[in-house]
Amino acid sequence: MRPATPSSCSPGATEHLLSLIKSCAHDSHLRQIHARILRTRSLEEPTISLRFLSRAASASVSGGVTYARRFFSQIKNPSLAEFNAMIRAYSGSDSPAEGLYLYREMRRLGQRTDPLTSSFCVKSCIKMESLTGGLQIHGRIVRDGHQSDSLLLTALMDFYSICYKSEEACAVFDEMPERDTVAWNVLISCYLRNRRTRDVLAVFDAMIGGECGCQPDDVTCLHVLQACNSLNAVEFGGKVHEYIEERGYGDAVKLCNSLITMYSRCGSMDKAFMVFKGMRVKNVVSWSALISGLAMNGRGKEAIEAYLAMLRANVVPDDQTFTGVLSACSHSGLVDEGMLFFEGMSKDFKITPNVHHYGCMVDLLGRAGSLDQAYELILSMSSKPDSTIWRTLLGACRIHRHVTLGERVVWHLTELKAQEAGDYVLLLNIYSSVGDWEKVTEVRKFMKENQIQTTPGCTTITLNGIVHEFTVDDVSHPRQNEIYTMLDEIGSQLKIAGYVPEISSELHNLSSEEKGYRLSYHSEKLAIAFGILATPPGTTLRLANNLRICVDCHNFAKVLSSVYDRIVVIRDRSRLHHFQGGHCSCNDYW
DNA sequence: GTAGGGTTAG
């Protein structure tokens, strides 16, 4: 405890200083206030010091903590509250580690700590992503007997989740004496981060079913919508949408933006539009979400129209808006438009192109066949091109069967030490497309020797809220016999309608017959067969694939959409394909 | 007593 030196400033002066701190709009004014506090010798007035420290802590990142640190160093015997305020300031600043040093200093001095002290330290550890730091704090929490503080434990859970320690996070959750909505939200965000998306939906169901003792709030919905997005679970997303309306969250901009993204990424662009149109306040995120949605769904012209409408609505575009606009151009082959927007973004909006923008441009130029121009663009980048950029170009080399540039790109990837299985698969594709089986064998051998595993293709289809998953040659589904029979039946129907297996999609050097056989059991086809089998005629089939859909499956879906009179929507790694009446929305441009 | 903690859209 600080000796009770009576403050030298009058009550009136104290009031005045407090109101100054309270109304301090700009961080830069903190310096003047600090000087004034020193002048009036009111540093020893705990009310003022605390108010000052917490004001500085909530200041913008770099500036505030400097004022707080300077101020704090002048306090002779800081109280627990003052220590906490200082650690809080550090935890939100660019130097969160300082908070942990101060915490150690407190313990060295024998200063008491409370759950808030630990809470701010956990925040520091989250910012630093320091697992060891967090483990130490966790140990301290237990030793100090603070393990029944729900708020502290929630922060700790979040910490484990961010460090990808979902089991530890769940263990903390299980030990919590009380779990409110925020605690459940952190659990959900932990599941999301650790790819346990199905569990997210289960938790939402449990919450609305009254099993958790608390109802989902707006943040819960944001998380669940993300899960629906990645699961391609548009029905469940619709359920969340209804809940949002029921709870009266319908005007929340963040939620609407999230709905737009979910619907458009699930291929329900009409619903995304409905949400968008219903918004009274639209911000740059809303417009960008709409633009990217249109882009992904292959509606490039409309995406550009939306962009122009956005400008008319006086909403200023940012970097992500341009990512959407440029990807719209690249997905729809709008080369000239893309070039214009790319030049305009830095000239008219002072936005420096980032890797995503360059990625779109490389994609745009590459697909259009201007491979050399795309290569030049990469070399002209001010920042070092990352592996994704090179991969984009490699993809274009595959489309245009450009062997020499493809090899050069792989060399660049090797230099970055960033080669992945997918890169070799693309290289294989290039060699096999020009019939160089010797090289194909060579690459295969290399992959085998270096134990490079390819990502298995996987397709999901959601029926009545249940996600069914298929891999190539899948035999794990309970209805596998029916599915394979159905697939054979579909195959012969489609052949009558003129479908011919596109054997270039099969990379092995086999006879055409064998190639056709191998292709016929791609996961997309299995999922489609299951969909036809399990749903009444007329039902839209919605699939999602983790890779790029191959040419053969694309043809297959096109013909099927006409022969079976079904709408098929397939989401692959980079876009959506709407098949209807024998055509695809992407116009075979992908 | 002062003041202070956890989740969050493209």
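Just so it is clear: chains get the letters A, B, ... in the order the sequence lines come, proteins before strands, and each one is counted from 1. As a basis for the values below, the full set of heavy atoms in this structure was taken, side chains included, without hydrogen atoms, waters or symmetry mates.
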| task | Output all residues satisfying side chain to side chain contact (heavy atoms under 4.5 Å, CB included) with Ala68(A), sequence neighbours left out; order by chain, then residue number. | result | Leu53(A), Ala56(A), Met86(A), Ala89(A)
| request: Using a cut-off of strictly less than 4.0 Å between a heavy atom of the residue and any atom of DNA chain B, enumerate the qualifying residues of residues 303-321 of chain A by number. | output: Asp318(A), Gln320(A), Thr321(A)
| said: Please enumerate all residues that pass side chain to side chain contact (heavy atoms under 4.5 Å, CB included) together with Arg367(A), with sequence neighbours excluded. | reply: Asp363(A), Ile399(A), Arg548(A), Tyr589(A)
| query | Any chance CD of Glu129(A) has more than 12 other-residue heavy atoms, nucleotides or ligands included, within less than 6.0 Å? | reply | no
| task | Consider the side chain of Val285(A), meaning its heavy atoms from C-beta on, and name the nucleotide among dG10(B), dT2(B), dG6(B) that approaches it most closely. | result | dG10(B)
| field | side chain to side chain donor-acceptor pair (under 3.5 Å) partners of Asp180(A), counting only residues at least two apart | value | none
| note | Sequence neighbours excluded, the answer for side chain to side chain donor-acceptor pair (under 3.5 Å) partners of Tyr191(A) is none
| remark: Here the residues of residues 175-187 of chain A within 4.0 Å heavy-atom distance, strictly under, of DNA chain B are Asp180(A), Val182(A), Ala183(A), Asn185(A), Val186(A)
| request: Determine the contact category for Asn84(A): base if any of its heavy atoms lies under 4.0 Å from a base atom, sugar-phosphate if only primed atoms, P, OP1 or OP2 are that close, otherwise nothing. | output: base
| task | Just call it for Ala81(A): base, sugar-phosphate, or nothing, with non-hydrogen atoms closer than 4.0 Å on any strand. | result | base
| Pairs meeting criterion ring-ring contact (aromatic ring centres under 6.0 Å, His included) with involvement of residues 78-110 of chain A, two or more places apart | Phe72(A)-Phe83(A)
| message | Counting only heavy atoms and a strict 4.0 angstrom limit, can you tell me which residues of residues 165-173 of chain A come near DNA chain B? | response | none
| Where along residues 241-279 of chain A does a heavy atom fall under 4.0 Å from DNA chain B? | Val253(A), Lys254(A), Asn257(A), Thr261(A)
| field | Any pair counted as side chain to side chain donor-acceptor pair (under 3.5 Å), so long as it reaches residues 247-256 of chain A, sequence neighbours left out | value | Tyr243(A)-Arg247(A), Arg247(A)-Tyr249(A), Asp251(A)-Arg280(A)
| Non-neighbouring partners of Phe349(A) that pass side chain to side chain contact (heavy atoms under 4.5 Å, CB included), sequence neighbours left out | Tyr307(A), Leu311(A), Pro317(A), Phe322(A), Ile351(A)
| remark: Quick note, ring-ring contact (aromatic ring centres under 6.0 Å, His included) partners involving residues 128-150 of chain A, not counting sequence neighbours, are His138(A)-Tyr160(A)
